[in-house]
Undergrad: 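First, the structure itself, so that you have it in front of you.
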Amino acid sequence: MKRIYMDNNATTAVRPEVMEAMLPFYKEHFGNPSSVHWAGRETGAALEAAREKVAKLINCAPAEVVFTSCGSEGDNLAIKGVADAYRDRGNHIITTAVEHPAVLNSCKYLEKHGFEVTYLPVDGHGMLDVSSLEAAITDKTILISVMWANNETGTLFPIEKIGAVARKHKICFHTDAVQAIGRVPVDVDAAQVDLLAISGHKIGAPKGVGALYVRKGVRLTPLVHGGHQERNRRAGTHNLPGIVGLGVACELADADLRNTAQRLSAMRDRLEQGLLAAIPESQVNGHPTMRLPNTLNISFNYIEGEAVLLFLDMQGIAASSGSACMSDLEGQSHVIDAMGVDPMMANSAIRFGLGYDNTEADVDQVLEILPNIVKKLRDMSPFYHERDAAKATANS
Amino acid sequence: MKRIYMDNNATTAVRPEVMEAMLPFYKEHFGNPSSVHWAGRETGAALEAAREKVAKLINCAPAEVVFTSCGSEGDNLAIKGVADAYRDRGNHIITTAVEHPAVLNSCKYLEKHGFEVTYLPVDGHGMLDVSSLEAAITDKTILISVMWANNETGTLFPIEKIGAVARKHKICFHTDAVQAIGRVPVDVDAAQVDLLAISGHKIGAPKGVGALYVRKGVRLTPLVHGGHQERNRRAGTHNLPGIVGLGVACELADADLRNTAQRLSAMRDRLEQGLLAAIPESQVNGHPTMRLPNTLNISFNYIEGEAVLLFLDMQGIAASSGSACMSDLEGQSHVIDAMGVDPMMANSAIRFGLGYDNTEADVDQVLEILPNIVKKLRDMSPFYHERDAAKATANS
Amino acid sequence: MYSDKVIDHFTNPRNVGEIENADGVGEKVSSSCGDRMKVFLKVENDIIEDVKFQTYGCGAAIASSSMMSELVIGKTLQQALDLTNDQVADALGGLPAPKLHCSNLAADALHEAIKNYQETNA
Ligand SMILES: Cc1ncc(COP(=O)(O)O)c(C=O)c1O
Ligand SMILES: Cc1ncc(COP(=O)(O)O)c(C=O)c1O
Ligand code: FES
Ligand code: FES
């Protein structure tokens with residue numbers, strides 16, 4: 001059985017070029033980049049070279065890049081770090097109802113410590129209304145945190161517009177760009193973003209490394225206190241191989257961003273059209289056009305998403321129902337919920353995240369297999385049968 | 001020129017067995033361990049297998065192991081996490097003046113947020129007096145944090161005795177065991193420790209992974225909020241290759257702890273004796289017997305440590321002057337300072353940290369090279385000459 | 001995450017469907033997840049001759065439904081009433097903790113169907 005991995009929003013395989021670049025830094029060049037001797041100098045240079053590559057992808061100065069261990073840490077550092085550093089100015093934070101748990105749970109933690117948080121709603125496409133964001137600003141607002149792209153639906157937020165509003169009101173603007181980076185162009189300067197979190201393992205770098213962009217002049221209390229690494233913004237011995245890998249992954253992303261985006265969105269669109277055509281009463285969750293090129297979130301009414309995923313899995317196809325870090329939990333996605341999707345539709349939502357390695361043959365295979373799975377599960381579903389019965393009555 | 005690496009307290013090379021175990025988890029088995037499909041199940045099993053290996057080395061239950069990104073994160077999580085979770089019980093923390101910056105700076109951060117911290121002094125050997133610790137306890141004390149082994153001198157603290165005191169007073173006891181793990185036996189149960197931080201890159205696992213032991217029943221506010229990883233104690237996609245590597249490194253450490261310790265301490269002792277014999281007016285900083293088997297901190301009066309290190313480096317020998325993460329900074333070691341070492345002696349302190357790969361030939365080479373370096377620098381030092389003059393005057 | 005037995009019953013669920021003119025029909029909706037199961041019975045001389053089910057739910061719910069049907073076909077009504085949710089889960093080789101509630105649908109819906117049979121034939 002050919003295995004097809006279509007869960008690249010959860011994590012990606014390390015790209016071969018990335019692996020090759022990292023390998024020398026485990027056993028051969030293993031020095032602590034903070035050490036002053038030969039072993040540290042070798043890796044110190046590699047550290048700064050990687051920083052430059054990350055900076056180039058998002059168009060910032062290398063000194064504005066803080067290496068972290070993952071996207072979640074970046075979000076926590078940005079939100080708690082700004083909250084603590086700007087506490088004298090106010091205690092109000094604005095975010096959205098559809099953020100990743102790393103953002104939402106950082107905000108909930110701050111709510112227990114004297115902060116007030118506004119969670120802005122989204123519309124049926126998962127889209128945010130910038131004027132409602134501006135209306136939510138008070139003279140106590142010290143931080144706006146809005147994700148660049150939603151991880152479950154792929155909906156892209158109007159980051160440049162939000163950046164302009166934040167700048168106008170002189171409020172720090174953090175964006176969780178973990179899903180956006182490497183998939184759509186990201187320019188912190190054009191977008192007037194002050195902080196931006198990325199994660200290596202979503203773009204072909206390994207797990208265990210990420211970065212937070214922190215605009216020069218933005219005050220930030222560290223999350224991890226200790227040594228003087230990262231200009232006192234993040235202590236702990238650098239994950240040198242991981243950082244080197246992140247650098248190369250950013251460089252690769254920079255080089256083929258447009259090509260990859262075009263290729264993946266063409267495949268994604270074919271998958272989407274094929275499924276909608278083959279499976280009646282299905283619907284796409286997310287924005288029709290403002291969407292990540294690789295993401296398809298789709299619902300098949302009357303059945304349950306977990307059962308669909310299980311059947312797909314048994315046929316070698318890896319997809320998911322929302323964020324991996326929530327998947328061991330009961331209950332529906334807070335994102336699909338916030339979009340006001342009908343609960344039964346919401347229950348069947350599954351997410352395909354296409355990636356670098358996917359091929360047209362993969363799409364063919366999903367198109368062949370999935371409609372049968374849906375049919376089988378609908379045949380089992382009492383709701384589906386009652387619906388037929390209801391129709392029959394109506395027609396008689 | 002043969003390169004000799006004797007800075008294994010700063011970081012170690014990844015051991016070959018560790019590397020081999022990690023390799024399949026970058027490109028082949030790369031699934032997110034939180035995913036429910038085949039790609040996640042493969043890595044989910046590897047994650048739990050690694051957890052068991054870590055647990056075995058420190059004698060705890062696997063569920064008590066929380067994977068982190070480094071030792072600093074573990075210290076921050078333990079200290080800030082307990083401080084926040086037990087804030088209702090009190091606001092007093094006891095630690096020592098010679099902790100790693102990850103502990104000291106976490107404490108300083110808490111001091112800005114309403115906590116009071118007692119920094120216990122140490123004696124000339126860097127040793128702590130347990131009765132002074134017990135005397136410092138108040139009814140507001142919620143945490144004791146004392147390192148297992150000091151990173152600069154190797155001095156081993158009386159952890160079992162401190163554990164007994166903490167348990168008697170029902171106070172959480174955290175120990176930073178980053179330098180101790182894999183070098184001396186560590187048993188959280190025998191030592192009555194409640195939290196214990198370790199770091200992969202000090203024991204032949206890669207940089208970017210660590211673990212915090214959290215005794216069952218101990219409350220802990222997360223440092224990184226987000227998804228449900230690590231039973232809600234540490235969010236963020238798992239660094240699976242790193243975690244697998246940490247597991248194997250712990251297994252290896254467990255298997256040859258006593259042999260390695262014996263071998264390294266024999267080499268270390270020969271280095272120590274050889275240097276003391278060859279270089280008059282030199283002294284060892286640290287405890288004569290209660291000391292890590294691999295660590296030698298030694299001062300050569302009248303000269304400056306940085307100059308010694310530079311000469312050693314030019315001859316291919318990597319050693320250090322205290323912790324790597326402080327080494328870009330001016331000024332003396334807070335550890336040597338706290339021991340009351342005479343400032344000029346303190347200034348010349350350098351640290352050798354022997355490791356798995358060191359050989360007797362390495363020791364020979366240092367014994368051959370270092371006395372000449374010291375001689376050369378002393379010949380340059382006004383303090384040295386004035387001392388000779390003083391002696392001459394005294395003798396005339 | 002799931003045992004081989006769960007996967008087997010999920011992949012090839014036994015006794016899916018509907019019994020026309022069933023002697024008893026019952027259903028149960030999970031209060032925790034909204035999933036739903038409907039059970040149809042054919043009863044003769046106090047013996048369950050046939051069971052069919054329809055389930056809207058996760059893999060565990062579907063497998064539990066299937067296992068339940070296998071466990072009670074040919075049994076007396078009393079034996080079927082004695083069947084517990086735990087027994088269904090055990091027969092599947094266990095379920096992951098967060099999925100235990102899913103097996104509750106099966107025995108509960110069965111018992112509702114028996115109650116319905118007893119009421120209509122009282
Ligand atoms: C005693 C001690 N604690 C904590 C740390 C921090 O560990 P890491 O560099 O993995 O964050 C170190 C090493 O630098 C150490 O020696
Ligand atoms: C939008 C978004 N933010 C944050 C994260 C967290 O990243 P990581 O898993 O690297 O901590 C993820 C991925 O899980 C994500 O999709
Ligand atoms: S003269 Fe260079 S550190 Fe003092
Ligand atoms: S999650 Fe609802 S029955 Fe399993």
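Every chain is numbered from 1 and lettered A, B, ... according to where its sequence line falls, protein lines coming before strand lines.
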Undergrad: A/Leu310 and C/Tyr2: which non-hydrogen atoms are nearest, and at how many Å?
TA: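 In this case the closest contact between A/Leu310 and C/Tyr2 is CD2-CE1, 3.6 Å.
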
Undergrad: Considering only heavy atoms and a distance below 4.5 Å, find which of C/Gly59, C/Gly17, C/Gly57 pairs most often with chain A.
TA: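 If we count pairs closer than 4.5 Å to chain A, C/Gly57 comes out on top.
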
Undergrad: Can you confirm whether more than 12 heavy atoms, excluding those of C/Lys52, are under 6.0 Å from its NZ atom?
TA: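 More than 12 within 6.0 Å, yes.
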
Undergrad: For C/Glu49, is the CD atom crowded, meaning more than 12 foreign heavy atoms sit under 6.0 Å from it?
TA: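 It does: C/Glu49 CD has more than 12 such atoms within range.
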
Undergrad: Measuring heavy-atom distances to chain A, does C/Pro96 have an atom under 4.5 Å in its side chain, in its backbone, in both, or in neither?
TA: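 Looking at C/Pro96, nothing touches chain A.
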
Undergrad: Using non-hydrogen atoms only, which part of A/Tyr384 is less than 4.5 Å away from chain C: side chain, backbone, both, or neither?
TA: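 Neither part, no heavy atoms under 4.5 Å.
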
Undergrad: Counting neighbours of NZ on A/Lys2 that are heavy atoms of other residues, nucleotides or ligands and sit closer than 6.0 Å, is the number greater than 12?
TA: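 More than 12 within 6.0 Å, yes.
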
Undergrad: Please round to the nearest 0.5 Å and tell me the distance separating atom CG of A/Asp313 and atom CD1 of C/Ile7.
TA: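 One gets 7.5 Å once the value is rounded to the nearest 0.5 Å.
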
Undergrad: Just verifying a value: how many Å separate A/Lys376 NZ and C/Asn12 CG, rounded to the nearest 0.5 Å?
TA: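 CG of C/Asn12 is found 5.5 Å from NZ of A/Lys376.
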
Undergrad: Does CG in C/Asn121 sit with more than 12 non-hydrogen atoms of other residues, nucleotides or ligands closer than 6.0 Å?
TA: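 More than 12 heavy atoms, drawn from other residues, nucleotides or ligands, come within 6.0 Å of this atom.
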
Undergrad: Does the side chain of A/Asn347 come within less than 4.5 Å of C/Tyr56's, by heavy atoms?
TA: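 Touching, per the 4.5 Å side-chain cut-off.
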
Undergrad: So, C/Arg36 and A/Glu304, do they make that salt bridge, N to O below 4.0 Å?
TA: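 Salt bridge absent between C/Arg36 and A/Glu304.
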
Undergrad: Where the side chain of C/Lys38 meets the backbone of A/Phe383, is there a donor-acceptor pair that is under 3.5 Å apart?
TA: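 A pair under 3.5 Å: no.
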
Undergrad: Need one label for A/Glu386: side chain, backbone, both or neither, based on atoms under 4.5 Å from any heavy atom in chain C.
TA: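 For A/Glu386, the contact with chain C is made by the side chain alone.
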
Undergrad: Any idea which heavy atoms bring C/Ile62 and A/Ala307 closest together, and the distance?
TA: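 Heavy atoms only, the tightest pair is CD1-CB, 4.0 Å.
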
Undergrad: So, does C/Gln54 use its side chain to make a donor-acceptor pair with the main chain of A/His385 at under 3.5 Å?
TA: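 No, because the side chain of C/Gln54 does not come within donor-acceptor range (under 3.5 Å) of the backbone of A/His385.
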
Undergrad: Pick one of side chain, backbone, both or neither for C/Phe10, based on which atoms fall under 4.5 Å of a heavy atom in chain A.
TA: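 Backbone plus side chain of C/Phe10, per the 4.5 Å heavy-atom cut-off to chain A.
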
Undergrad: Side-chain contact, heavy-atom cut-off 4.5 Å: C/Val16 with A/Met380?
TA: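 Side-chain contact under 4.5 Å: yes.
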
